[in-house]
Peer 1: 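I have a structure I would like to understand better, so I am pasting it below and will then ask my questions one at a time.
We count ligands from 1, going down the list as the structure has it; atoms in each ligand are counted the same way. This chain uses plain numbering: 1 for the first residue, then up along the sequence. Computation of the quantities below employed the complete heavy-atom set of this structure, encompassing side-chain atoms and omitting hydrogens, waters and symmetry-equivalent molecules. None of these values were measured; they are calculated from a predicted model.
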Amino acid sequence: MKSLPYFCRGEVIRGFGRGSKELGIPTANFPDLVVDTLPADIGTGIYYGWACVDNGDVYKMVMSIGWNPYYKNTKKSMETHVIHTFKEDFYGEILSVVMVGYIRPERSYNSLAEALIAAINNDIEEAKAQLEVPEHLKLRDDNFLTSAPSPSSALPPTSASTSQTIMNGH
Ligand code: ADP
Ligand code: MG
């Protein structure tokens, strides 16, 4: 995939409560603008990379890009599970990510929640290992991740409601 690594950021919006948190694997959703500007060669599936909430620490992440059943699979969603235990939810905050590599295609799970959880836990282990590769580890320190503009101060008032920017190959 020539577009990887891919850098993007956006406000964390509410998903459709498909029970990720209940499964113990909450996924932070990006707004449509971020999803709609994904390069064409970044298809659906599971990715790994680095993530940062506002100006906090950088953590490993796994991301699912999938067709959204809520919109009868006409729209995609980008859902990031940050591999860290946060004290609180971070809806409305700016999530910056760098997608580093691809793990596997999207699969549909009509099956047991246990099978889904097991698959995601495999993805998390794969992500953790892959991100220790020096070439991937160095992206953790990329300025992009920790340079999120503050929605209240750094953006002009007119764009405050769409506080998101997309960057690639910077
Ligand atoms: P939703 O359907 O609104 O996306 P989820 O059950 O998937 O609900 O929970 C996602 C929310 O949980 C995120 O938007 C974020 O505020 C919070 N959250 C807490 N810890 C994490 C984490 N480690 N990774 C991602 N989101 C987290
Ligand atoms: Mg979610």
Peer 1: Looking only at heavy atoms, is any part of Val12 under 4.0 Å from ligand 1, and if so is it the side chain, the backbone, or both, or is it neither?
Peer 2: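 The answer is the side chain of Val12.
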Peer 1: Looking at Arg14, which atoms of ligand 1 are within less than 4.0 Å of one of its heavy atoms?
Peer 2: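 With Arg14 as reference, the close atoms of ligand 1 come out as 3 (O).
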Peer 1: Among Leu23, Val82, Thr85, Ile13, which one has a heavy atom closest to atom 24 (N) of ligand 1?
Peer 2: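 Among Leu23, Val82, Thr85, Ile13, the closest heavy atom to atom 24 (N) of ligand 1 comes from Val82.
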Peer 1: Taking a hydrophobic cluster as the set of Ile, Leu, Val, Met, Phe, Trp and Tyr residues connected by side-chain heavy atoms closer than 4.5 Å, whether directly or through intermediates, do Ile117 and Ile103 fall within one such cluster?
Peer 2: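 Yes; Ile103 is reachable from Ile117 via cluster members.
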Peer 1: Hey, what do you get for CG (Asp142) to OG (Ser96), rounding to the nearest 0.5 Å?
Peer 2: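 That separation rounds to 10.5 Å.
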Peer 1: If you count the atoms of ligand 1 from 1 in the order shown, which ones are under 4.0 Å from a heavy atom of Asn29?
Peer 2: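 The atoms of ligand 1 under 4.0 Å from a heavy atom of Asn29 are 4 (O).
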Peer 1: Backbone or side chain, does any N or O of Thr27 fall under 3.5 Å from an N or O of ligand 1?
Peer 2: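 Between Thr27 and ligand 1, an N or O pair is found under 3.5 Å apart.
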Peer 1: Is the closest heavy-atom distance from Ile25 to ligand 1 below 4.0 Å?
Peer 2: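 Under 4.0 Å: no for Ile25.
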Peer 1: Taking the side chain as every heavy atom from C-beta outward, state whether His81 and Ile124 have any atom pair closer than 4.5 Å.
Peer 2: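 His81 vs Ile124: side chains touch.
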Peer 1: Ligand 1 versus Phe86, non-hydrogen atoms closer than 4.0 Å: side chain, backbone, both, neither?
Peer 2: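 Within the 4.0 Å criterion, Phe86 contacts ligand 1 through side-chain atoms alone.
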Peer 1: In terms of atom number and element, which parts of ligand 1 are under 4.0 angstrom from non-hydrogen atoms of Gly15?
Peer 2: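 Taking each heavy atom of Gly15 in turn, ligand 1 has 1 (P), 2 (O), 3 (O), 4 (O) under 4.0 Å.
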Peer 1: Determine whether a donor-acceptor pair (N or O, by modelled atom type, separation under 3.5 Å) exists between the side chain of Glu11 and the backbone of Pro31.
Peer 2: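 Not confirmed, Glu11 side chain does not pair with Pro31 backbone.
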Peer 1: Would you mind telling me if ligand 1 is within reach of the side chain of His84, the backbone, both or neither, using heavy atoms under 4.0 Å?
Peer 2: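 Backbone only.
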Peer 1: Which distance, rounded to the nearest 0.5 Å, do you find between the CZ of Arg9 and the CG of Asp54?
Peer 2: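 If I round to the nearest 0.5 Å, the distance is 10.0 Å.
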Peer 1: Is the NZ or CZ atom of Lys76 both under 6.0 Å from the centre of the six-membered ring of Trp67 and within 45° of that ring's axis?
Peer 2: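 So Lys76 does make the cation-pi contact.
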Peer 1: Side chain, backbone, both or neither: which part of Thr80 has a heavy atom under 4.0 Å from ligand 1?
Peer 2: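 For Thr80, only backbone atoms sit under 4.0 Å from ligand 1.
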Peer 1: Are Cys8 and Val97 close enough that some pair of their side-chain heavy atoms sits under 4.5 Å apart?
Peer 2: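 When only atoms from C-beta onward are counted, Val97 and Cys8 do touch, with a gap below 4.5 Å.
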Peer 1: Pick, from Phe90, Phe30, Tyr59, the option with the minimum heavy-atom distance to atom 15 (C) of ligand 1.
Peer 2: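 Heavy atom nearest to atom 15 (C) of ligand 1 belongs to Phe90.
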Peer 1: Quick one: does any side-chain atom of Asn29 pair with a main-chain N or O of Ser77 as donor and acceptor, under 3.5 Å?
Peer 2: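 Side chain of Asn29 to backbone of Ser77: no pair is present.
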